[in-house]
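Lettering of chains follows the sequences in order, A, B, ..., and the numbering in each one begins at 1. Keep in mind that this is a model prediction, so the values were computed, not measured.
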There are 2 protein chains.
Amino acid sequence: MARNKYPEETINQILTVSLHLFVQKGYEQTSIQDIINGLGGLTKGALYHHFKSKEEIMQAVIEHLFKDVDEMLSGIRDDNELSGLEKLQKISRVSLGNPAQDEMASVAPNLLRNPKLLAAQIEHMIEKAVPVYIQPIIEQGMRDGSIRTDYPRELSEVLLVLTNLWLNPAVIQTSPEMMLRKVRLFDDILKGLGLDLFDEHMFQRYEELFRLSAREVNSEN
Amino acid sequence: MARNKYPEETINQILTVSLHLFVQKGYEQTSIQDIINGLGGLTKGALYHHFKSKEEIMQAVIEHLFKDVDEMLSGIRDDNELSGLEKLQKISRVSLGNPAQDEMASVAPNLLRNPKLLAAQIEHMIEKAVPVYIQPIIEQGMRDGSIRTDYPRELSEVLLVLTNLWLNPAVIQTSPEMMLRKVRLFDDILKGLGLDLFDEHMFQRYEELFRLSAREVNSEN
DNA sequence: GAATACATACCGACCGATGGTATGTATTAT
DNA sequence: ATAATACATACCATCGGTCGGTATGTATTC
């Protein structure tokens, strides 16, 4: 293949193809040859010129995968108009608001069959999302009086563990009915901690989703 | 190598060696040759006579790994002397009671570096521990009046997700100090749900653990 | 209680595919 | 012109797995 004047394009293509394969077939089940085959003429030498190992490709893919959510979180964190609580509300509205459209979930239907990706998500959550975004927001909430807790760090972790793992259908497959029940219990838990993240509007979305799916099941007869 | 009159011994040896390697180096990083090398003269042919793939060895190892905890859980579940709540209390006493001695945690210090094992644990939790043990116990508690909830299934999942993932130092590495704070927040969450799982005695253990570690840090000067 | 028939435990050479490397060549930047 | 870069090609050790074969066990028959 002819040499590309703009090697970034090549790199991006490698990452795009790899992302698709890693997410579809799983990291371990994707061979370097699979990636090369999806690259339209590019060869192994080219790939190993840009990345020094399969693992490094994975790392780059992960980074790219979390870039969007990181930008969303930092945008909300740095919004000067909102209280701590309002920021948390906004985050849960965005990340739980469109249950079907979550990029990660939509492409990786079952993270348990993709353990490497699952571990990467947990690691990102603990090493980055909690200390860099959620915990600072909660601490702001403690200062501005919108959130009251003795455990900012620990509460951040609980919030993310529950939303990103327990409420994540890519980790625990969940029917719309059960998802509605889960969200209600989640709301109970948060209310018990003095946190009020959800408005009626959000429940209505899940209820609608539930009613839609129920109708589908009925119409299958 | 001479033929073994009791082939179960051979199988058990394969499983023992594999468990050690999988847990120490990780599943993907353990080669069949590694296992064979640890087997004292047994060869590849023998190994593949007893197991048809590396994956099947992993499955057998996992099963063996969860046998103990399963027996503990079913024993408590079938205890006719206890209320539902008392059973939950007993379970958390046993599984959170000796933080350092948890078999799984002690052998696999970092599950994020062993994603396959992590996924297996989550799967076991959702597919078995919740529906077979915890949920029935909670439903008993609803009948005998010791537990009040509208979400037996969902509450079971939350309990296990928080204890087995969030409170699991093999998943999220945690200092004794932070572990104490986590357990306190966990207790707050449960109390908010009307669940009272912990007695003072348990907190004292974690506090003691904390004080011990603090002294260690001081004596390092 | 031999002889026979079959099942099981194990051996070790071999296979294609895998992730990775070494080296060569053409193109671009300086 | 020359150095750096983008890519190709040939090659490597190791990987998980297969297969034909042997030795040793057990059950059945005579």
Among [options], which is the nearest nucleotide to the side chain of [X]?
X: Thr43(A); options: dA9(C), dC7(D), dT18(C); value: dC7(D)
X: Ala46(A); options: dA8(D), dC15(D), dG19(C); value: dA8(D)
X: His50(B); options: dC10(C), dT18(D), dC7(D); value: dC10(C)
X: Ser31(B); options: dG16(D), dC7(D), dT8(C); value: dG16(D)

Is a side-chain donor or acceptor of Thr16(B) paired with a backbone partner of Ile14(B) at a separation under 3.5 angstrom?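 Pair absent, no side-chain N/O of Thr16(B) close to backbone of Ile14(B).
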Output yes when a side-chain donor or acceptor of Arg77(B) lies under 3.5 Å from a complementary backbone atom of Val132(B), and no otherwise.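 Between the backbone of Val132(B) and the side chain of Arg77(B) there is a qualifying donor-acceptor contact (under 3.5 Å).
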Side chain of Lys52(B), base of dG17(D): donor and acceptor closer than 3.5 Å?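 Answer is no: no donor-acceptor pair is held.
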List the atom of Ile137(B), the atom of Gly84(B), and the distance in Å for their closest heavy-atom pair.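 Here Ile137(B) and Gly84(B) meet closest at CG2-O, 3.4 Å.
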Please report, rounded to the nearest Å, how far the [atom2] atom of [N] is from the [atom1] atom of [X].
X: Leu42(A); N: dT9(D); atom1: CG; atom2: C1'; answer: 13 Å
X: Ile57(A); N: dG20(C); atom1: CD1; atom2: C1'; answer: 11 Å
X: Ile32(A); N: dT18(C); atom1: CD1; atom2: C1'; answer: 9 Å
X: Lys54(B); N: dC15(D); atom1: NZ; atom2: P; answer: 9 Å
X: Met58(B); N: dG17(D); atom1: CE; atom2: P; answer: 14 Å
X: Gln33(A); N: dC12(D); atom1: CD; atom2: P; answer: 18 Å
X: Gln29(A); N: dT18(C); atom1: CD; atom2: C1'; answer: 13 Å
X: Glu28(A); N: dG16(D); atom1: CD; atom2: C1'; answer: 13 Å

Any donor-acceptor N or O pair under 3.5 Å, side chains Glu139(A), Gln135(A):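 Yes, a side-chain donor-acceptor pair sits under 3.5 Å.
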Which of these, Thr30(B), Asp34(B), Asn114(B), sits in a side-chain hydrogen bond (donor to acceptor under 3.5 Å, both in side chains) with Lys25(B)?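 Filter result, single survivor: Asp34(B).
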Closer than 4.0 Å, any side-chain N/O of His49(A) to the OP1 or OP2 of dC7(D)?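 The answer is no; no side-chain N or O of His49(A) sits under 4.0 Å from OP1 or OP2.
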side-chain N/O Thr10(B) vs dC10(C) OP1/OP2, d < 4.0 Å: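 So the side chain of Thr10(B) is within the cut-off, an N or O lying under 4.0 Å from OP1 or OP2 of dC10(C).
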